[in-house]
Amino acid sequence: MLFDTVEELYNHNSTNYGRMGLGVQRELEAGLRALEGAEHARLTSNGMQACALAIAASVDAGDHILVSSSAYGPTRHFCETRLKAMGVEARFFDPLTGRDIEGLVQNNTKAIMLESPGSLTFDMMDTRAIVDIAKARDLITITDNTWGAGVYHKPLALGVDISVQALTKYVVGHSDVLGGAVMSNRKDVSRRINSVSMDWGLTLSPDDSYIALRGLRTLTTRLAAHEKNALEIAHWLEGRSDVAEVLHPALPSHPGHELWKRDFTGACGLFGLVLKDASTEAGDRFCEALDLIQMGFSWGGYESLIIPCDRQLTESHRKFDGPLLRLHIGLEGVEDIKRDLEKGFAAL
Ligand SMILES: *Cc1c(COP(=O)(O)O)cnc(C)c1O
């Protein structure tokens with residue numbers, strides 16, 4: 001940025017350096033504020049940075065944070081390593097804990113990190129009960145809202161203090177750009193978010209911001225198509241004798257279905273699947289036998305993807321009767337997706 005006068009150059013109330021973002025970042029922030037019902041939004045280079053920023057802005061040395069054990073793996077790793085080095089203790093709790101979270105709150109607890117549903121195990125959290133306890137104890141609540149994409153879930157409207165998204169997933173929607181965002185309605189919290197973001201030099205490039213902004217234009221339309229395709233596949237899988245369990249919160253059989261109906265207005269394309277009478281290795285062969293659906297860790301793009309998840313499960317996750325697979329259902333024809341999955345079942 002260039003200035004004509006020294007007064008403008010040193011005006012700290014206006015943008016004066018590229019790292020703070022320029023016009024395109026301001027437009028993307030405005031779109032995300034509208035989407036999440038937020039007063040403030042801050043962009044980051046990826047979703048991991050957004051999670052780390054939200055957490056770091058909520059705690060100081062000597063503090064304690066409660067983190068859902070179903071949270072995104074790298075978020076958990078950040079809590080176990082970086083936070084520890086910063087003098088912050090993280091305790092992981094069962095995502096099915098509702099009001100009982102009160103029993104885990106210590107005198108130095110400052111924040112609670114939620115992710116609903118968890119992106120591996122699809123446990124639904126009782127956000128309202130946790131928010132009630134957090135408000136009574138003056139704790140900051142953070143939700144990783146990547147699954148709800150800001151469309152199907154509005155954490156800030158439920159009283160959550162910070163909503164985080166990996167824009168990488170549905171906002172970008174084409175698996176070609178990384179991005180993240182941290183949204184809040186609290187002035188004090190947003191000031192801390194901005195301050196930590198400045199100290200760490202977090203930013204999203206103009207080109208990547210433009211791609212994410214363009215993604216917002218078609219977000220609801222794409223999500224509706226992912227939702228429809230995924231539900232059809234989930235129902236089909238649920239009716240099969242070689243499937244032990246389908247972990248999709250919009251299915252009435254899902255243990256968290258009532259919470260999903262209460263707090264969500266839809267479901268994205270990501271859900272889990274447990275194979276019946278099969279080993280972890282058989283689950284691996286299932287994934288490798290597919291052609292249309294390839295293996296990849298990301299999701300939210302146009303294409304269907306699958307990963308075997310057993311290797312990512314830890315002691316604190318619930319146990320499953322067979323290999324856990326995670327499917328992201330894309331925008332392909334449902335019959336093509338089914339035909340491809342049949343190859344996996346044939347390989348069992
Ligand atoms: C992918 C993902 C992230 C991290 O996003 P990146 O842009 O890949 O860093 C965080 N949370 C959830 C739930 C995710 O799925």
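Just so you know, ligand 1 is whichever comes first in the structure, and atom 1 is the first atom listed for that ligand. The model shown is predicted, which means the values in this text are computed figures rather than measured ones.
Of the N and O atoms on the side chains of Thr280 and Asp310, at least one donor lies less than 3.5 Å from an acceptor on the other residue.
For Lys84, the NZ atom is loosely surrounded, since the number of other residues' heavy atoms within 6.0 Å does not exceed 12. Heavy-atom contacts from other residues, nucleotides or ligands closer than 6.0 Å to CG of Asp277 number 12 or fewer.
Remark: Lys110 does not engage Asp60 in a salt bridge, criterion side-chain N to carboxylate O under 4.0 Å.
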Determine all donor-acceptor pairs shorter than 3.5 Å in which one atom belongs to a side chain in residues 86-105; sequence neighbours excluded.
| residue | atom | partner | partner atom | Å |
| --- | --- | --- | --- | --- |
| Asp94 | OD1 | Leu96 | N | 2.8 |
| Thr97 | OG1 | Asp94 | O | 2.6 |

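Between the CD atom of Glu342 and the CG atom of Leu290 there is a distance of 11.0 Å, given to the nearest 0.5 Å.
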Find all protein N or O atoms under 3.5 angstrom from an N or O atom of ligand 1 and list the pairs with distances, or write 'none'.
| residue | atom | partner | partner atom | Å |
| --- | --- | --- | --- | --- |
| ligand 1 | 5 (O) | Gly47 | N | 3.4 |
| ligand 1 | 7 (O) | Gly47 | N | 2.7 |
| ligand 1 | 7 (O) | Thr168 | OG1 | 2.5 |
| ligand 1 | 9 (O) | Gly47 | N | 3.2 |
| ligand 1 | 9 (O) | Met48 | N | 2.8 |
| ligand 1 | 11 (N) | Asp144 | OD2 | 2.7 |
| ligand 1 | 15 (O) | Lys169 | NZ | 2.6 |
| ligand 1 | 15 (O) | Trp299 | NE1 | 3.3 |

